[in-house]
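Notes for the one structure printed next.
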Amino acid sequence: MHIFRIDGRVYFSDTDATGRASWKSIFDWAEHGRTEMLREAIPQRSQSDLAAEDGIITVIKSIDCRKLSDAHLDDRILVETWMEKVQRFSCMIGQRISSCDSVVAEFSVKAAFIDSSTKHPVPIPDDFRKALEGEGL
Amino acid sequence: MKEYVYRYRIALSDTDAGGIVYHSNYISIAERARMEMLREAGVEGKILDAEEVSIEYMRPGLFDDEVCVHSTISDAGEGKCIIRQTIERGDDTLAKLSVHAVLKTFPGLSAEYIPEELTRA
């Protein structure tokens, strides 16, 4: 299984008055990890290209997230992302966010492709399917 | 079980370049609803500190939509609770959430027992 990694840091904009990174930021970091994994898997066609050329956008169908520890201002963070399953209309993605050698959160994410006009599901385009299947599994 | 209802208008800042509500913004909207739930129940100086969040996205929310967040809370024992939330636009359900949380003081973040006034009908 290929694990794709990006790193970052906790900024003020990520924190709340408890001094910890907010849930929204944790979800946003996970999205950055998924997007960069896709960019690496299929560098010749971005999600913007897919929307402009085929009228298809990627959406999230469900997320299960368990928070295991807190990230704080200035902490470095590591987002690890891997493809678990590719189906006709959707795919399952696993993710883990760590900070200072502690796991901050674990994710199980279901993503799908939809028609940007009708908002109805469409099969994953062939080039994206092949790229995603090549991400490890 | 008492149901708490929180109304919210989708702002442009809630949406993304796909023309729909950005998925993590539902997390913030649902958190606002949980905060108002505590206020309505008369629980002061405390927060619901989420430990697990499961969210299912059913339909896309759009700019200027008025949505209602319906929330119910049950005591799961040992100071933990489960909040079930749906974000609805008219008859359409946009998202469903299940949130496992601990009631804590703010500031201080000391765990507290779930008061009966929060969960009773």
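Proteins come first, then strands; the chains are lettered A, B, ... in the order of their sequence lines, and each starts at number 1.
- Contact of B:Pro107 with chain A is not made at all, since no heavy-atom distance falls under 4.5 Å.
- B:Met58 approaches A:Lys61 most closely through the heavy-atom pair O-NZ, 4.4 Å.
- When each of A:Asp64, A:Ile63, A:Ile26, A:Thr18 is scored by its heavy-atom pairs under 4.5 Å with chain B, the top score falls to A:Ile63.
- When all heavy atoms of B:Gly18 and A:Ile57 are compared, the pair lying nearest together is O-CD1, 4.0 Å.
- Chain A forms more heavy-atom pairs under 4.5 Å with one residue of B:Glu52, B:Lys104, B:Glu31 than with any other, namely B:Glu52.
- For A:Ala112, no part lies near chain B; criterion is any non-hydrogen pair under 4.5 Å.
- With rounding to the nearest 0.5 angstrom, the CG atom of A:Leu68 is 9.5 Å from the CD atom of B:Glu51.
- Minimum interatomic distance between B:Ser28 and A:Lys24 (heavy atoms only, all atoms of both residues): OG-CD, 3.4 Å.
- Around the CZ atom of B:Arg39, the shell of radius 6.0 Å holds no more than 12 heavy atoms that belong to other residues, nucleotides or ligands.
- Pairing each heavy atom of B:Ala50 with each of A:Lys67, the nearest pair is O-CE, 4.3 Å.
- Contacts of B:Ile47 with chain A are made by side-chain atoms alone, with heavy-atom separations under 4.5 Å and no backbone atom involved.
- When heavy atoms are compared at a cutoff of 4.5 Å, A:Ile60 approaches chain B by way of both its backbone and its side chain.
- Between A:Asp28 and B:Ser24 the shortest heavy-atom distance is OD1-OG, 2.6 Å.
- B:Ile27 CD1 to A:Trp23 CH2: the interatomic distance, rounded to the nearest 0.5 Å, is 7.5 Å.
- Heavy-atom contacts from other residues, nucleotides or ligands closer than 6.0 Å to CZ of A:Phe89 number more than 12.
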Side chain to side chain contact (heavy atoms under 4.5 Å, CB included) for A:Arg20 and B:Leu109? Distances and angles first, verdict last.
CA-CA 11 Å; A:Arg20 307 172 299 177; B:Leu109 302 182; 4.1 Å; yes
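- Within the 4.5 angstrom heavy-atom criterion, no atom of B:Tyr26 approaches chain A.
- Across all non-hydrogen atoms, the minimal contact from B:Phe106 to A:Ala17 is CZ-CB, 3.8 Å.
- Interface residue B:Ile55: backbone and side-chain heavy atoms are both found under 4.5 Å from chain A.
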